[in-house]
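Right, one structure below, let's go through it.
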Amino acid sequence: MGVIRRIKFKKPKRAKVELGRFYGLDHRVDGDVSGYNRADVCYNFSCKDGTLRPSFGLKNVRDLYTIANYDIVESVYYFRHNDYANGVNDDRIISYCRSGNMYTVSASGGQFVKIPGLHFSSKPKGVCYNYNSKDVIIFSAENEGIKIYDGQSVTVVPDAPSVTSMCVHAERLFITSGGVDGALWFSDDFDPTNWNVSLTEAGFIDMSDDRGEMLEAVAFGGNVYVFRSYGVSKITAYGDQTEFSVSHLLVSCGKIYKNTVIVCGDCILFFATDGMYRFDGYNAVRISDPWFDVVSADQDFTKGVYYNGYAYYIISVMLDGKLRRGVICVSPDGKDYNFSFVATILDISVMNGEGMYKLFAVENMKLNIFEVVNGAGWDGDDIYMEWRSKETDFGIKGREKRLEKVRFYSSAPLTFSVVADGVKSSYEVVPKNGVCEVNVRKKGDRFAIYFYVAGVNVEISAVELEFQYYT
């Protein structure tokens, strides 16, 4: 008679991994060192509070503003304008079009009307000013002089220096000029039309040194700061010209990019060859380490504005091996950020008047003005949103590891994907009372998970993964 032996089968162990909160794109941390909730790819999603939500959308404003059907909008400006004679607000929106012409419309709505005498061959800079007790907006483009619009007529200033950037400080207009003259020009006080150089009128500050091209002049913290290719210069300029002073600040960063310097409340943000920096008037701190490896900010179309507590930059972003034009929305401390590819945006401008505070964008396909708002999608149509984790073992070391189930909350249908040792499997998921449960049952050592949504509004949170493995 044979001997009967009891064979003991080893039971698999089970483990649950909670993703916790979602984070945006972060390439500093590998997936195997607790970085699995920090995205390898994330676009059109905001992770501000740990839940995946749409970053922003675009809403067409054609019902409010009618654009001339024979011209193409390329840029918009807000003109803060009061009708002092009648004691009423008369704020305007001004558009620059591909023809070089400029048009105006009331901020409350209406038909854009061409402004006679206001024409530029390239997109001009614009800044609001009060001149001779009138609210005006000063426009200038490089090598095209200065033109001042008061809401009714245009004054041309032909003898002004060539302008590459400008700002208003202490009732003077400060400008940086093109070329290699290395000078910061300033107008007579209270008179941006007077550029006669003298000790009592206009003048310039010679800044020809090895700090390179002057990129942007901004008024900040009671001074004028001139950002240059390789440094920042601080100009204290009050009262008499003889009391103006210049100090050159030591800023440890790479070469600074033009069109990226923006004032953000109590700080200034800018891009350099080695990242984005936060500048407080004295020191610059890099805040872009999680995502700068996918960003290119040295493009002619790069532009930044500050709106509602965030900086919005039109930049190029590397996505799946292709460089695409997109927008990064980033808080001044660098802790909250997201990337958007809702549309190809040509220009972005803040409409900041007494009765209006909005962010407008000019889009390339429809060549129209849009308002940047949450929950708008692409003018009501679906936008594509994606979040991908890094490849990781989720901290589970074992043999024959298998991802059994994934549970999460979603307010809308979506595509969920799992990559197990390089093999991708996708599942169309429809929530039941907001709860999603996917039976995956895929073996592997390293996994990645994807959330992909085509929609307008969605919320995704509370991700839990259930594994089975042997030790």
Side-chain angles (χ1 to χ4, degrees), residues 61-68 71 73-97 99-120 123-141 144-157 160 163 165-175 187-194 218-219 262-263 303 305-308 347-362 368-372:
V61 297
R62 59 178 172 267
D63 293 337
L64 190 58
Y65 306 108
T66 305
I67 297 170
D71 222 336
V73 177
E74 290 195 343
S75 187
V76 289
Y77 309 81
Y78 197 83
F79 177 21
R80 292 185 294 275
H81 180 261
N82 289 294
D83 182 350
Y84 294 105
N86 296 308
V88 295
N89 177 271
D90 185 30
D91 285 2
R92 313 279 185 88
I93 293 172
I94 295 176
S95 64
Y96 171 78
C97 292
S99 64
N101 296 321
M102 303 189 76
Y103 299 79
T104 181
V105 67
S106 171
S108 61
Q111 167 81 48
F112 274 94
V113 178
K114 182 179 176 181
I115 304 173
L118 200 55
H119 182 280
F120 291 93
K123 188 185 301 183
K125 306 278 187 179
V127 62
C128 293
Y129 189 84
N130 188 276
Y131 173 52
N132 285 341
S133 299
K134 287 185 177 181
D135 290 332
V136 303
I137 184 166
I138 303 171
F139 288 107
S140 184
E144 295 192 63
I146 287 175
K147 297 178 181 179
I148 302 174
Y149 177 55
D150 64 5
Q152 293 181 328
S153 60
V154 175
T155 300
V156 180
V157 187
V163 178
S165 76
M166 57 184 174
C167 69
V168 176
H169 169 72
E171 309 305 332
R172 295 181 188 265
L173 185 64
F174 285 78
I175 68 172
S187 70
D188 189 10
D189 51 353
F190 301 101
D191 189 357
T193 68
N194 185 355
V218 296
I262 56 173
V263 177
K303 181 181 179 180
V305 297
Y306 180 63
Y307 172 73
N308 211 24
D347 186 58
I348 192 165
S349 300
V350 179
M351 307 292 108
N352 53 345
E354 287 297 325
M356 184 179 190
Y357 185 58
K358 295 180 178 181
L359 182 61
F360 278 6
V362 179
N368 211 329
I369 301 172
F370 290 78
E371 184 183 354
V372 176

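One is the number of the first residue; the rest follow in order along the sequence. Owing to the predicted nature of the structure, the values given are computational and were not obtained by experimental measurement. As a basis for the values below, the full set of heavy atoms in this structure was taken, side chains included, without hydrogen atoms, waters or symmetry mates.
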At their closest point, which heavy atom of [X] faces which heavy atom of [Y], and how far apart are they?
X	Y	result
Glu354	Asp91	N-OD2, 3.9 Å
Phe79	Gly151	CE2-N, 3.8 Å
Ser108	Leu64	O-CD1, 3.4 Å
Asp347	Ser75	OD2-OG, 2.9 Å
Val154	Gly117	CG1-O, 3.8 Å

Can you tell me if [X] uses its side chain to pair, donor with acceptor, with the backbone of [Y] under 3.5 Å?
X	Y	answer
Ser349	Val76	yes
Lys147	His119	yes
Ser140	Gly145	yes
Asp191	Thr193	yes
Lys303	Ile348	yes
Tyr131	Ile137	no
Tyr129	Glu171	yes
Arg92	Val105	no

Between [atom1] of [X] and [atom2] of [Y], what distance do you get to the nearest 0.5 Å?
X	Y	atom1	atom2	value
Asn101	Lys114	CG	NZ	4.0 Å
Leu173	Met166	CG	CE	6.0 Å
Ser95	Ile115	OG	CD1	8.0 Å
Asp188	Arg172	CG	CZ	6.0 Å
Asn86	Tyr84	CG	OH	13.0 Å
Ser133	Phe190	OG	CZ	10.5 Å

### Query
Taking His81 as the fixed residue, which of Asp135, Asp150, Asn89, Asp90 is the one that meets the side chain to side chain donor-acceptor pair (under 3.5 Å) rule?
Asp90
### Task
Walk me through it: do Tyr78 and Met356 pass the test side chain to side chain contact (heavy atoms under 4.5 Å, CB included)?
CA-CA 10 Å; Tyr78 197 83; Met356 184 179 190; 3.6 Å; yes
### Query
Hey, mind stepping through Tyr306 and Leu359 against side chain to side chain contact (heavy atoms under 4.5 Å, CB included) and telling me if it holds?
CA-CA 9 Å; Tyr306 180 63; Leu359 182 61; over 6 Å; no
Quick one: does [X]'s side chain get under 4.5 Å of [Y]'s, heavy atoms only?
X	Y	result
Ile93	Met351	yes
Ile148	Pro192	yes
Met102	Pro124	yes
Leu118	Tyr103	no
Ile146	Val163	yes
Tyr357	Val350	yes

### side chain to side chain contact (heavy atoms under 4.5 Å, CB included) between Asn352 and Arg80, worked out
CA-CA 8 Å; Asn352 53 345; Arg80 292 185 294 275; 3.1 Å; yes
### Message
If you apply the rule side-chain hydrogen bond (donor to acceptor under 3.5 Å, both in side chains), what do you find for Ser99 with Asp71, and how did you get there?
### Response
CA-CA 7 Å; Ser99 64; Asp71 222 336; 2.5 Å; yes
#### Entry: Identified ring pair (Phe, Tyr, Trp, His ring centres under 6.0 Å) counterpart of Tyr77 within the set Tyr96, Phe120, Phe139
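Going through Tyr96, Phe120, Phe139 one by one, the ring pair (Phe, Tyr, Trp, His ring centres under 6.0 Å) with Tyr77 is satisfied by Phe139 alone.
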### Query
Given Tyr149, which of Val136, Thr104, Thr155 fulfils the side chain to side chain contact (heavy atoms under 4.5 Å, CB included) condition?
Thr104
### Message
Applying side chain to side chain contact (heavy atoms under 4.5 Å, CB included) to Ile67 and Ile369, what does each step give before you reach the verdict?
### Response
CA-CA 9 Å; Ile67 297 170; Ile369 301 172; 4.1 Å; yes
